[in-house]
Amino acid sequence: MADLSVNIAGVEFKNPIIAASGTIGFGHEYSEFYPLEELGGISCKGITLKERLGNPPPRIAETPSGMLNAVGLQNPGVEHFIENDLPWLREQNTVIIANVAGSTQEDYCKMAERLSDTDIDMIELNISCPNVKEGGVQFGTSCESVGAITKAVRKYCKKPLIVKLSPNVSDIASIAKAAEAEGADALSLINTLTGMRIDINTRRPIIRNITGGMSGPAVFPVAVRMVWQVANAVDIPIIGMGGITTWKDAVEMLMAGADALQIGTALFTDPYSPVKIRQGLNDYLDRNGMRSVTELTGTVITG
């Protein structure tokens, strides 16, 4: 077998397959299918400073080759996570990434400080959130805002810091560089694309929130392109995600420049997809005489 281990910002993963935030919850349900130690890591459900009930339903809609969601960050809050979920997660023998979201810079900083005193392994900064102090504009849509939130959180974050980038921007490479310049240890991308569906009988949006985040196989080519652009712009590790469904997708994303991968929407149609992708990736490496998965990263030939 090939060596599937990867190192992301000093954290050792036994394999590059990470369950994406928002799709695996805190892992309890999926542990009924297989031991979570089969995964390289888990990026937990996005958590906020206080408990959130999320958006009113309907908040999920199917799309061709994917889905829309506007769940609204329903979660029990950071203290509940630390007291009730983290102790169980630490027993699962996998890397634990806390995904944090907020409405103000202060929210992010408080959570980073609080979580830094726990035994999570990494913090993932979800900056696709509306900044209420700036009229609802997302933190992740400009170099200035990304740099500012990264710099602020970096002061309080003692754990390796991943910044999760939004694809709803004009120049993702410049935004990635801004995050790197202000202290990000790694980047993860892409978050969901903004989409909308309409019920043709009622003429109303299917999702109560009107718009939602689009994910699934349909966004995969966009994700590959953006990972490739960012890989050519920064020197820090990249966790690639967005529509990865098969081991072939995983190989392609690694070739584009990803150092590790997050699997999300695929979990809803096949809970075993991360395990199947890991095995298929290993078989590909063996067939091609590669000793380590790191030999794949950034090997796309564009010239």
Between Val95 and Ile18, is a side chain to side chain contact (heavy atoms under 4.5 Å, CB included) present by the stated rule, with each step listed? CA-CA 9 Å; Val95 172; Ile18 303 165; over 6 Å; no

What pair of heavy atoms forms the shortest contact from Trp228 to Asn232, and how long is it? O-ND2, 2.7 Å

Main-chain N/O of Ser292 paired with Glu295 side-chain donor or acceptor, under 3.5 Å: yes

Atom NZ of Lys14: over 12 foreign heavy atoms under 6.0 Å: yes

Could you tell me which non-hydrogen atom of Gln138 sits nearest to which non-hydrogen atom of Ser145, and how far apart they are? O-OG, 4.2 Å

Which of Asp121, Thr118, Asp85 passes side-chain hydrogen bond (donor to acceptor under 3.5 Å, both in side chains) with Arg90? It is Asp121

Test salt bridge (charged side-chain N to carboxylate O under 4.0 Å, His left out) on Lys276 and Asp270 and set out the steps. CA-CA 10 Å; Lys276 292 177 180 177; Asp270 182 3; 2.8 Å; yes

Tyr284 and Trp247 aromatic ring geometry - parallel, tilted or perpendicular at 30°/60° bounds: tilted

Does the pair Glu124 and Ser188 meet the rule for a side-chain hydrogen bond (donor to acceptor under 3.5 Å, both in side chains), with working shown? CA-CA 8 Å; Glu124 183 176 47; Ser188 60; 2.7 Å; yes

What's the separation between atom CG in Asn93 and atom CD1 in Ile96, rounded to the nearest 0.5 Å? 9.5 Å

Enclosure of Lys45 NZ (heavy-atom neighbours >12, cutoff 6.0 Å): yes

dist Arg154:CZ -> Leu125:CG (nearest 0.5 Å) comes out at 10.0 Å

Testing the basics here: between Ala176 and Leu165, what is the closest heavy-atom pair and its distance to 0.1 Å? CB-CD1, 3.8 Å

For Arg197 versus Pro64, what's the shortest heavy-atom pair and its separation? NH1-CD, 4.1 Å

Asn55 side chain to Ala70 main-chain N or O, any donor-acceptor pair under 3.5 Å? yes

Between Glu38 and Arg278, is there a side-chain N and carboxylate O pair less than 4.0 Å apart? yes

Decide if the gap between the ring center of Tyr108 and the ring center of Phe139 is smaller than 6.0 angstrom. yes

Would you indicate whether the side-chain heavy atoms of Ser215 and Met67 approach each other to under 4.5 Å? yes

Please check if the side chain of Asp199 supplies one atom and the backbone of Asn201 the other of a donor-acceptor pair under 3.5 Å. yes

Spell out, as yes or no, whether a donor-acceptor pair under 3.5 Å connects the side chain of Glu182 to the backbone of Ala178. no

When you look at Leu261 and Asp249, which way does the side chain to side chain contact (heavy atoms under 4.5 Å, CB included) test go after all the steps? CA-CA 10 Å; Leu261 309 165; Asp249 298 336; over 6 Å; no

If we ignore hydrogens and angles and just use 3.5 Å, is the side chain of Asn168 paired with the main-chain N or O of Thr194 as donor and acceptor? yes

Flag if over 12 foreign heavy atoms under 6.0 Å of CZ, Arg203: no

Search all heavy atoms of Gly40 against all heavy atoms of Asn15 and return the closest pair with its distance. N-OD1, 3.1 Å

Answer yes if Val224 and Met255 sit in the same cluster of Ile, Leu, Val, Met, Phe, Trp and Tyr residues linked by side chain heavy atoms under 4.5 Å apart, and no otherwise. yes

Any heavy-atom pair between the side chains of Ile162 and Asp185 that's under 4.5 Å? no

For a 4.5 angstrom cut-off between non-hydrogen side-chain atoms, does Val11 reach Ile97? no

Would Thr48 and Asn75 satisfy side-chain hydrogen bond (donor to acceptor under 3.5 Å, both in side chains), going step by step from the backbone distance to the final call? CA-CA 7 Å; Thr48 50; Asn75 77 96; 2.9 Å; yes

Using the rule that two of Ile, Leu, Val, Met, Phe, Trp, Tyr join whenever any of their side-chain heavy atoms come within less than 4.5 Å, decide whether Ile120 and Tyr156 are in one cluster. no

Should Asn191 and Ser166 be marked as a side-chain hydrogen bond (donor to acceptor under 3.5 Å, both in side chains) after you check the CA-CA gap, both sets of side-chain angles, and the distance that decides it? CA-CA 5 Å; Asn191 208 329; Ser166 168; over 6 Å; no

Any salt bridge linking Asp171 with Lys177? Criterion: basic side-chain nitrogen under 4.0 Å from a carboxylate oxygen. no

Check the pair Val100, Leu115 against side chain to side chain contact (heavy atoms under 4.5 Å, CB included), reporting the backbone distance first and the verdict last. CA-CA 10 Å; Val100 300; Leu115 287 163; 3.4 Å; yes

Main chain of Ile238, side chain of Asp259: is a donor-acceptor contact present, judged purely on distance under 3.5 Å? yes

Is Ile8 close to Met122 at the side-chain level, that is, under 4.5 Å between some pair of heavy atoms? yes

Expected output: side-chain Ser65 to main-chain Ala218 donor-acceptor under 3.5 Å: no

Does Ser21 reach the main-chain N or O of Asn99 with its side chain, forming a donor-acceptor pair under 3.5 Å? no

Would you kindly confirm whether Leu73 and Met214 end up in one hydrophobic cluster when ILVMFWY residues are joined by side chain heavy atoms under 4.5 Å apart? no

Considering all heavy atoms of both residues, which atom of Met253 and which atom of Ala223 are nearest to each other, and what is their separation? CE-CB, 3.8 Å

Using 4.0 Å as the upper bound for N to carboxylate O, is an ion pair formed by Arg114 and Glu79? yes

Between Lys158 and Asp117, does any NZ, NE, NH1 or NH2 come within less than 4.0 Å of an OD or OE carboxylate oxygen? yes

Step through the shown structure and confirm whether more than 12 heavy atoms of other residues, nucleotides or ligands are within 6.0 Å of CD on Glu62. no

Flag, side chain of Asp286 to backbone of Ala2, donor-acceptor distance under 3.5 Å: yes

Verify, without hydrogens or angle tests, whether Arg59 (side chain) and Arg208 (backbone) share a donor-acceptor contact under 3.5 angstrom. no

When hydrophobic residues are tied together by side-chain contacts of less than 4.5 Å, even through go-betweens, does Ile175 share a cluster with Met241? no

Side chain to side chain contact (heavy atoms under 4.5 Å, CB included) assessment of Leu68 paired with Thr211: CA-CA 8 Å; Leu68 289 176; Thr211 64; over 6 Å; no

Report yes or no: do Ile210 and Ile207 belong to one cluster of Ile/Leu/Val/Met/Phe/Trp/Tyr joined by side chain heavy-atom distances under 4.5 Å? no

